[in-house]
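Position 1 is the first residue of the sequence; numbering continues from there.
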Amino acid sequence: MTDFLNSLGLSGLFSEFGKSVGTVGGSVLDPVGTGDNDFLGLDVLNPENDFGLTANSEEVTGFGNKTGSGTAIPLDELGGSEAANEYGLSYESGSAERIRGVIGPDGSITAPAAAGVKDGAGQIGTAVGSNAPLPGLSDQPVGLAVLGASSSGNGEAVGIAVLSGDNSGNGGSAGVAVLSGSGSGNGDSAGIAVLGGANSGNSELAGVAVLNGANSGNSGTVAVGILNGANSANGGVVGAGVLNGPGSGSGGLITLAVANAPLGPNSNGGGVGNNGSCSASGGVGCGDIGALALLDSCKDADLDGVCDELDECLNTPADMPVFLTGCHLSEDAPLVLRGVNFEFDKWDLTAESYPILEQAVKVLNAQPDFLVAVDGHTDWMGSDSYNIRLSYKRARTVYHYLVDAGIKENRLVFRGYGESVPVAANANEDGSDNPEGRAENRRVELNVLQPDVFEAVKEENLSQR
C-alpha cells in the first residue's frame, strides 16, 4: 500500500492533510457526521446532512445540509431534500435511527443473527474437527483440510481449511478458513476467515474477516472486517469495519467505520483509551466517545452527538466539538472535566481519566484562540493549605498532559483553589457527611481567561518552577 501511494505521489499529500483535515473518510448512519472534515469524504444520513460529498475539506455537493456550507453542486436547490423527505430518507425524519435500530450492532435483526452465527461457527468447526478428524494435508507448500482436526490444513505457503478445528488453514503467505475454529485463516501476507472463531483472518499485509469472533481481520497494512467481535478490522495503514464490536475499523492512514459498537475505555486501535490510529490520522467513525456511545436512537436537539437526557448544554452551536457532557469551551461558564480523577491523596491520574482527557484535547483544539486556565478543586477533607497544594498539583498534572497532547503551552495556565469554591454541599443539613457532594467538589475545570489575567497567572506558574 505504501509503495502504491508513493507511485502515485500521494503519500506525502495524505500525510500533510492528515494532520489538519484528515485523509479519506466515509461515515454512514453515524450520530456525528465526519466525512466533510476530511481531504476526501462522504456522509450519508448523518446529523449534519442527509448526503454530502467533500474534497479538500470543502463540500462539493449534497442535500439536507445543516452546516450551511456552500456547495459547488447544490442538490438542495435541485429538490434533493424534498425527494429525500418524500421517501423518508432524511436524518430529521428519523430514518437513520430506525435503520440503525434494525441493522446496527444491537439492531433487532443484526444482533441475534450475528450472535447466533458467530457463536456457532467456532463450535461447528471444533466439533467437526474433534468428532470426525481427517488429517488433511499439512506442513507442505500448500496445506488443505476439509472436516479436519485442530491445527490442520496449514501450509508453508498457503493454508486452506473448511469445517475444521482451531488453528486451521494458516499459511506462511496466505491462509483461508471457512467455518473453522479460533485462530484460523491467518497468513503472513494474506489472511481470510469466514464464519470462524476468535483471532481469525489476521495477517501482516492484508486481513479479511466476515462473521468471526473478537480480534479478527486485523493486519499490519490493510484490514477489512464485517460482523465480527471486538477489536477487529484494525490495520496499520487502512482499516475498514462494518457492524463489528467495540474498537474496530481503525487505520493508521485511512479509517472507515460504519455502525460499529460503541468504543470503550480500553478498546484497541480505536483512538479511545490509547493514542491509536483514529486520533493520529483524523480517521472516520471512531472519534467522539459520547457520539459513538449513542448508536441507539435518542433525542438530540442540538445535534452534538449527546442525547438530550444526558446533555448539560442543550444549545451547543452547530458543528462545535463538545465534551462528554455535551458542553463546549465557552467564556460564559467553566467546562468541568467530569470523570477526570486522581489516585487517593496523590496527583497521579487514574487510568480511566486518559480517554476523557483525549476528549478535552479535541474541545480545546476547536477554540485555538482561547487562553485557558486548568483549575483544580478539592472537597473540604484536610486543611486549607493542604487542599490548596493538592489541587494545584493536580491541575498542573492535567496541564502537562494537555501540553504533551499538542495544546500550545502559551495558551494554558494552571491554578489550585483547594476547597474554597464548592459547587455542592460537603455535608448534609444535619451535619453528616455528604460523599456525593464532596465527589462533585473534587473536580478539574477549564476556564477561559482574559489576556491580562492569563499573563499574571502564567508568571506565577513560571515562578513556581
Side-chain angles (χ1 to χ4, degrees), residues 12 14-23 34 37-39 56-57 252 271-283 286-290 304 313 316-317 319-325 327-340 342 347-349 353-377 391-417 443-465:
F14 278 137
S15 299
E16 184 61 30
F17 274 95
K19 298 175 185 177
S20 55
V21 298
T23 51
T34 53
N37 296 322
D38 292 277
F39 176 50
N56 196 16
S57 75
V272 177
N274 61 22
N275 292 319
S277 52
C278 263
S279 58
S281 70
C286 40
D288 298 343
I289 306 170
D304 62 359
C313 301
T316 304
D319 303 321
M320 178 64 68
V322 298
F323 191 61
L324 302 177
T325 55
C327 299
H328 65 288
L329 191 63
S330 167
E331 297 176 280
D332 300 329
L335 178 62
V336 180
L337 301 185
R338 193 160 312 186
V340 173
F342 303 85
W347 44 94
D348 300 322
L349 288 161
S353 299
Y354 291 105
I356 297 173
L357 284 172
E358 287 185 24
Q359 194 73 8
V361 170
K362 294 182 180 180
V363 172
L364 282 163
N365 279 329
Q367 303 278 23
D369 297 329
F370 280 166
L371 302 174
V372 179
V374 180
D375 292 336
H377 300 269
S391 64
Y392 185 86
K393 290 181 177 180
R394 287 178 169 178
R396 183 174 60 187
T397 296
V398 173
Y399 165 89
H400 284 302
Y401 176 92
L402 296 174
V403 170
D404 291 341
I407 304 301
K408 293 182 179 179
E409 192 172 8
N410 62 5
R411 55 176 296 224
L412 285 178
V413 293
F414 53 95
R415 303 181 293 190
Y417 285 91
R443 68 196 189 277
V444 176
E445 297 177 346
L446 300 181
N447 278 281
V448 179
L449 302 182
Q450 293 301 313
D452 55 341
V453 177
F454 178 87
E455 291 302 326
V457 179
K458 194 68 170 179
E459 289 181 12
E460 180 182 341
N461 288 165
L462 295 173
S463 68
Q464 297 295 324
R465 290 184 175 179

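The environment of CD in Q450 is sparse: at most 12 heavy-atom neighbours from other residues, nucleotides or ligands sit within 6.0 Å.
Under the 4.5 Å side-chain criterion, counting only non-hydrogen atoms from C-beta, V374 is in contact with L446. Side-chain contact between L349 and L357: present, with at least one pair of heavy atoms (C-beta onward) separated by less than 4.5 Å. Residues V398 and V340 form a side-chain contact, since some pair of their non-hydrogen atoms from C-beta on lies under 4.5 Å apart.
Here the CG atom belonging to L412 is positioned 11.5 Å from the NZ atom belonging to K408, to the nearest 0.5 angstrom. We find the CG-CD1 distance between L337 and I356 to be 9.0 Å, quoted to the nearest 0.5 Å. Put simply, CG on L329 and CD on Q367 are 5.5 Å apart, with the number rounded to the nearest 0.5 Å. The structure places CZ of R394 at 15.0 Å from CG of D375, a figure rounded to the nearest 0.5 Å. Of the inter-residue distances, the one linking Y354 atom OH with E358 atom CD reads 11.0 Å to the nearest 0.5 angstrom. Here the CG-CD1 distance, from L364 to I407, works out to 4.5 Å after rounding to the nearest 0.5 Å.
Closest approach of N365 to P368, counting heavy atoms only: O-CD, 3.5 Å. Counting all heavy atoms, side chain and backbone alike, A366 lies closest to M320 at CB-SD, 4.3 Å.
Partners of L371 by side-chain contact (heavy atoms from CB on, under 4.5 Å), not counting sequence neighbours, listed by chain and number: R411, P451, F454. Judged as a side-chain contact (heavy atoms from CB on, under 4.5 Å), and not counting sequence neighbours, A333 has no contacts. In terms of the side chain to side chain donor-acceptor pair (under 3.5 Å) criterion, residue partners of Y417 (sequence neighbours excluded) are, by chain and number, R415. For S353, the side chain to side chain donor-acceptor pair (under 3.5 Å) test picks out T350, with sequence neighbours left out. With sequence neighbours excluded, the residues that form a ring-ring contact (aromatic ring centres under 6.0 Å, His included) with Y399 are F414. Judged as a salt bridge (charged side-chain N to carboxylate O under 4.0 Å, His left out), and not counting sequence neighbours, the contacts of R443 are E445. Judged as a side chain to side chain donor-acceptor pair (under 3.5 Å), and not counting sequence neighbours, E455 has no contacts.
Residues in residues 327-340 take part in these salt bridge (charged side-chain N to carboxylate O under 4.0 Å, His left out) pairs, two or more places apart or across chains: E312-R338.
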